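Presented below is the structure to which this report refers.
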Amino acid sequence: MLWSKLFIPTLRENPAEAEVASHRLLLRAGYIRQLSAGIYNYLFLAQRSILKITNIVRQEMDAIGAQEFYLPALNPSEVWKESGRWDVMGDNMFRLKDRFGRDLCLGMTHEEVMTSIARGEVRSYKQLPQIWYQIQVKFRDEPRPKSGLLRTRQFTMKDSYSFDMDAAGLDVSYEKHRQAYCCIFDRCGLRYMTVEADSGAMGGSQSHEFMVESEAGEDYVVHCPATGYAANLEKAVSRAVAPAMADPEGDLTPEEFHTPGFKTIDEVSAFTKLPASSQMKSLVMVGDGKPVLALLRGDHQLSETKLAGVMGAAEVRAALPAEIQDWFGAAPGSLGPIGIPIKMRIVLDKALEGRRNMICGANKDDFHLRNVTPGKDFKADYHELRQVAAGDTSVDTGDPLQIVKTVEIGHIFKLGYKYSKAMGLSVLDESGKENTVIMGSYGIGVERILCAAVELFHDGNGMSLPASIAPFTVVVTPVNVKDAALAEAAQKLYTECKAAGMDAVLDDRDERPGVKFKDAELVGIPWRITVGKKLAQGIVEVVERRTGKLTEVPVGEAVGFVLAAL
RNA sequence: CGGGCUGUGGCGCAGCCUGGUAGCGCGCUUGCUUGGGGUGCAAGAGGUCGCGAGUUCGAAUCUCGCCAGCCCGACCA
């Protein structure tokens with residue numbers, strides 16, 4: 001292709017509205033333009049890159065025996081009502097009515113539709129397992145679209161669904177996906193981590209996320225370089241740093257003391273001259289409408305996800321001040337596990353196991369208790385409730401943990417029977433008995449692969465995409481198109497590149513060399529063959545975008561040089 | 001949904017406080033020039049100043065309402 005004929009609207013200056021690197025550079029390099037909040041036009045370069053990504057995805061999915069479908073984005077409400085998600089999805093779902101007033105929505109994901117196909121057609125164990133996938137558009141009315149293509153309201157997803165007879169079959173389908181995803185992300189040239197993820201309170205037994213480390217990300221991953229442990233912060237476990245001070249010795253009896261106006265952990269800490277780790281933090285939470293008191297070490301944070309898991313609740317929230325007053329007869333800041341007027345479940349974080357003679361609220365405004373020992377002074381029910389904090393170490397080895405910010409590019413998930421049960425998907429087994437099908441679902445955010453690549457690989461001059469997903473592999477740049485010898489040699493090199501099967505572009509624009517170099521670097525083409533002065537000696541330059549390394553090679557060897565480096 | 005910020009030619013911005021004929025840089029067009037890192041010169045085109053009301057002789061500028069976008073938070077199957 002000839003650059004002079006292409007629509008590649010690069011910008012000299014940074015667009016004002018873009019902050020994160022991928023957003024800024026995709027705009028500047030002329031890949032995308034915004035249509036509305038969270039809705040983007042993909043121009044020529046973006047579309048080229050996305051097609052390369054989806055081809056890789058398609059090849060690897062096909063390689064595990066998955067079959068490509070293409071389902072409607074426009075969905076009737078019925079299937080969503082069957083699964084219960086018509087209500088669950090709330091405002092995140094785009095909804096509309098047809099001319100007869102029937103409810104429709106734009107699909108956010110396709111478990112329901114895939115399940116509806118399977119239940120209508122799949123009747124026998126002989127037809128299983130199946131893996132069906134599609135590469136298709138998804139719609140989610142995000143509360144806050146942000147960061148360019150990282151969080152949008154319309155995006156492309158590769159979503160697949162597996163159908164198996166039993167858990168062992170699901171294990172196989174799941175493992176196939178895990179490996180396919182690794183192949184996909186490897187081929188896309190990404191550095192990523194596979195991490196354990198929270199599988200929710202609803203029966204999902206296992207889940208992994210594929211994460212790329214980036215400041216632009218929205219998820220936190222706990223990672224142990226020494227042991228290789230990696231988990232989403234929501235799910236991660238760790239060994240906490242020891243309490244700052246040992247507990248008082250002996251079987252002491254709880255004793256009330258006056259703490260006028262001291263409510264927070266820090267205030268009580270300053271007042272008692274004891275570290276936060278000597279206190280028990282009392283958090284009143286509500287899970288699916290039921291109150292619970294969660295106790296943690298004063299310097300620890302509650303993980304709401306873990307608490308939800310312990311309670312088996314779909315959703316947890318902090319109790320409102322009025323609810324707390326009603327249940328405890330005291331205000332937040334003086335709460336504790338002893339003498340609660342109503343019956344309420346109390347759960348303790350495991351970091352409190354073995355602790356004694358601690359400080360907590362007395363359920364009486366402006367009073368606290370000292371010498372409170374879990375298990376002795378109240379019934380202790382220990383669970384993993386704490387969020388991993390900076391400085392924590394590996395549970396197994398005590399090696400240091402890191403907490404890193406990441407972008408989620410893929411997620412694989414054992415669904416279990418959630419949809420097959422709700423929607424009645426079963427087959428006859430060998431003995432002629434009905435067997436509910438077990439399912440898995442697996443997603444890849446296609447645009448996020450592009451974003452993650454830009455986040456990982458960019459510098460002051462622009463992006464530097466992996467050759468496998470760059471819109472072009474090589475650009476041939478004659479330094480001066482008015483010089484017939486240069487123009488002719490460049491044209492010839494370009495033709496050779498094409499003949500060698502490379503995605504090449506000839507920068508035949510009548511521009512100064514600086515302009516062409518800048519554009520090629522901004523757009524992120526991995527290789528450039530520069531045809532300039534030294535052509536007289538039969539020499540051209542091959543420049544690698546990522547390293548900036550320049551090699552002078554004879555004209556006849558330039559194409560081979562690039563090919564060999566790919 | 002709460003908090004903050006911003007809307008002025010395609011892009012980046014000034015002008016607004018203190019009301020009086022809309023400006024700069026880049027880009028674009030034409031001509032010349034230059035030809036190894038966004039060349040230089042000259043001449044042009046392009047804007048109902050986000051929308052609507054109000055105040056005023058007069059509003060980009062002041063007041064009110066609305067809309068849109070960005071950032072932080074809440075939220076994120």
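Naming convention: chains lettered A, B, ... in sequence-line order (proteins, then strands); numbering from 1 in each chain. None of the values given here were measured: they were computed from a predicted structure.
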Whole-Å distance, N92(A) CG to rC75(B) P, equals 12 Å
Is S36(A) close enough to rA68(B) that one of its side-chain N or O atoms is under 4.0 Å from OP1 or OP2 there?
no
**Flag, side chain of R28(A) to backbone of R12(A), donor-acceptor distance under 3.5 Å** = yes
Ranking A16(A) and V88(A) by the position along RNA chain B of their nearest nucleotide, the one closer to 5' is A16(A)
Return the polar atom pairs (N/O with N/O) between nucleotides 35-37 of chain B and the protein under 3.5 Å, or none.
from    : atom 1 : to      : atom 2 : distance (Å)
rG35(B) : O4'    : R512(A) : NH1    : 3.4
rG35(B) : O2'    : N480(A) : ND2    : 3.2
rG35(B) : O6     : K482(A) : NZ     : 3.0
rG35(B) : N1     : D510(A) : OD1    : 3.0
rG35(B) : N2     : D510(A) : OD1    : 3.3
rG35(B) : N2     : E511(A) : O      : 2.8
rG36(B) : O6     : G532(A) : N      : 3.3
rG36(B) : O6     : K533(A) : N      : 3.3
rG36(B) : N1     : E541(A) : OE1    : 2.9
rG36(B) : N1     : E541(A) : OE2    : 2.9
rG36(B) : N2     : E541(A) : OE1    : 2.6
rG36(B) : N2     : E541(A) : OE2    : 3.3
rG37(B) : O6     : R528(A) : NH2    : 3.3
rG37(B) : N1     : E521(A) : OE2    : 2.9
rG37(B) : N2     : E521(A) : OE1    : 2.4
rG37(B) : N2     : E521(A) : OE2    : 3.3

Electrostatic pair R545(A):E521(A) at N-O distance under 4.0 angstrom = no
Below 4.0 angstrom, N of the basic side chain to O of the carboxylate: do E111(A) and R85(A) qualify? yes
Quick one, V284(A) and W327(A) - any side-chain contact, counting heavy atoms below 4.5 Å? yes
Does Q34(A) place a side-chain N or O at less than 4.0 Å from the phosphate oxygens OP1/OP2 of rA68(B)?
-> no
Rounding to 0.5 Å, atoms CD (E175(A)) and OG (S173(A)) come to a distance of 10.5 Å
Test of ring centre spacing under 6.0 Å for F185(A) and Y192(A): yes
- Task: Remember a base hit wins even if backbone is also touched, and classify D91(A) as base, sugar-phosphate or nothing at under 4.0 Å, heavy atoms.
- Result: nothing
By nearest-nucleotide position on RNA chain B, the 5'-leaning member of R12(A) and R144(A) is R12(A)
